[in-house]
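Beneath this line is the structure, given in structure tokens, with notes to follow.
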2 protein chains.
Amino acid sequence: MVKQALYLDDLKVGDTFISGQYHLNADKIKKFAHEYDPQAFHCDENRAEDTFFKGLAASGWHTAAITMKLLTESLPFAHGVIGAGGEIEWPRPTRPNDVLHVKSTIKEIKPSKSKPNQALLFVECETFNQHNEVCQKLSAKLLSFRKR
Amino acid sequence: MVKQALYLDDLKVGDTFISGQYHLNADKIKKFAHEYDPQAFHCDENRAEDTFFKGLAASGWHTAAITMKLLTESLPFAHGVIGAGGEIEWPRPTRPNDVLHVKSTIKEIKPSKSKPNQALLFVECETFNQHNEVCQKLSAKLLSFRKR
């Protein structure tokens, strides 16, 4: 994992970053869910069986939070990973004992009109499980800054 | 807060739901950040001063998670609040001692072509702080089911 600080000047479309791994388990899924998404399919293995998810599944927002942790470790942007927003989808849920990692690709670099020292990066962040199935696809808008 | 289970048959475009309140504080911001978004501006009041955020700010994903908690309490959908994805933006950060609430409005109802008993709801979920400023705007795609 490269820890150098990358400025706008260092980045180009097509640049790709691979994160480390995150090991999910049932306890982590239930702990997050109790605090932020207390629904049966995220909180209780037994009650989850008869739901849409047919078994315990992590909250999509838990998957998003884990993805963010992996991004902070794998996107070595100067001034940090600062998001303005984006599009998110969850093609399949993350499950107990999934091992997740994120692949990020810079798709577009849009210089700011009002702030000449910064740009908006459009970064596609795909969160994979251990079977290389995509569990989350995030098209993130991230800030990038010029080296002054 | 109405706790009846609403099926697809009960919902129409324009329906609006107002959540209860969530009281944020610096400890909660830092706890979430240490686990999922460990960057200076989310973890440390002093170091946050010299950053883009000019002071401690919650992770956008923390705001999203809090929003989900408020949605689970305020959207009384049968079978739960199940998201397929959506668009998210954070026009301004949430801060220590903010009091948040969410207003959700059904913008579109799109019946599934392959599954006649379900539809995709396009729901605009705005997360406000105590000054009625929008801190997060989420255009969520949620599943809704017909009463069989």
Side-chain angles (χ1 to χ4, degrees), chain A residues 22 28 31-43 47-48 50-53 57 59-73 75 77-93 115 117-118 120 135-145, chain B residues 22 28 31-43 47-48 50-53 57 59-73 75 77-93 115 117-118 120 135-145:
Chain A
Y22 185 96
K28 289 176 183 171
K31 184 168 166 260
F32 184 97
H34 277 292
E35 200 157 353
Y36 297 113
D37 194 349
Q39 303 191 85
F41 34 72
H42 302 320
C43 288
R47 289 171 61 211
D50 290 330
T51 68
F52 178 82
F53 291 101
S59 169
W61 301 109
H62 192 188
T63 305
I66 291 166
T67 298
M68 186 64 200
K69 180 177 171 56
L70 294 171
L71 291 178
T72 61
E73 295 167 357
L75 296 180
F77 294 168
H79 302 296
V81 181
I82 301 174
E87 269 188 69
I88 195 164
E89 53 182 297
W90 298 290
R92 59 177 58 69
K115 293 169 186 164
N117 74 320
Q118 71 183 57
L120 213 52
C135 296
Q136 180 182 288
K137 202 167 169 176
L138 171 69
S139 302
K141 297 177 199 170
L142 302 178
L143 293 185
S144 178
F145 302 89
Chain B
Y22 185 96
K28 289 176 183 170
K31 184 169 166 260
F32 184 97
H34 277 291
E35 200 157 353
Y36 297 112
D37 194 350
Q39 303 191 84
F41 34 73
H42 302 319
C43 289
R47 289 170 61 212
D50 290 330
T51 68
F52 178 81
F53 290 100
S59 169
W61 302 108
H62 191 187
T63 305
I66 292 166
T67 298
M68 186 63 199
K69 180 177 170 55
L70 294 172
L71 290 178
T72 61
E73 295 167 356
L75 295 180
F77 294 169
H79 303 295
V81 181
I82 301 175
E87 270 188 67
I88 195 165
E89 54 180 296
W90 298 291
R92 60 177 59 70
K115 294 169 186 162
N117 74 320
Q118 71 184 56
L120 214 51
C135 296
Q136 179 181 290
K137 202 167 167 175
L138 171 68
S139 302
K141 296 177 200 171
L142 302 178
L143 292 186
S144 178
F145 302 88

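Protein chains get the first letters and strands the later ones, always in sequence-line order, with residue 1 at the start of each. Predicted model only: the values in this text are computed from it and were never measured.
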How long is the span from the NE2 atom in A/His34 to the NZ atom in B/Lys69, to the nearest 0.5 Å?
-> 11.0 Å
Pair A/Gln39-B/Met68, side-chain contact (heavy atoms from CB on, under 4.5 Å): steps then yes or no | CA-CA 11 Å; A/Gln39 303 191 85; B/Met68 186 63 199; 3.5 Å; yes
Which atom of B/Phe41 lies closest to which atom of A/His79, heavy atoms considered = CE2-O, 3.5 Å
Side chain, backbone, both or neither: which part of A/Leu71 has a heavy atom under 4.5 Å from chain B?
-> neither
Decide yes or no on side-chain contact (heavy atoms from CB on, under 4.5 Å) for B/Trp61 and A/Thr67, but give the supporting numbers first.
-> CA-CA 10 Å; B/Trp61 302 108; A/Thr67 298; over 6 Å; no
Counting only heavy atoms not in B/Asp50, do more than 12 sit closer than 6.0 Å to its CG atom?
-> no
Of all residues at least two apart in sequence or in a different chain, which pass the side-chain hydrogen bond (donor to acceptor under 3.5 Å, both in side chains) check with B/Lys141?
-> none
With only heavy atoms counted, which part of A/Leu138 is less than 4.5 Å from chain B, the side chain, the backbone, both or neither?
-> side chain
B/Glu35, part contacting chain A, at a heavy-atom distance under 4.5 Å = both
Side chain, backbone, both or neither: which part of B/Ala65 has a heavy atom under 4.5 Å from chain A?
-> both
Quick one: salt bridge (Lys or Arg N to Asp or Glu O under 4.0 Å) partners of A/Glu89, sequence neighbours excluded?
-> none
For B/Arg92, does the CZ atom sit with more than 12 other heavy atoms under 6.0 Å from it, leaving out its own atoms?
-> yes
Option in A/Tyr36, A/Phe145, A/Phe32 with maximal non-hydrogen atom pairs under 4.5 Å from chain B | A/Tyr36
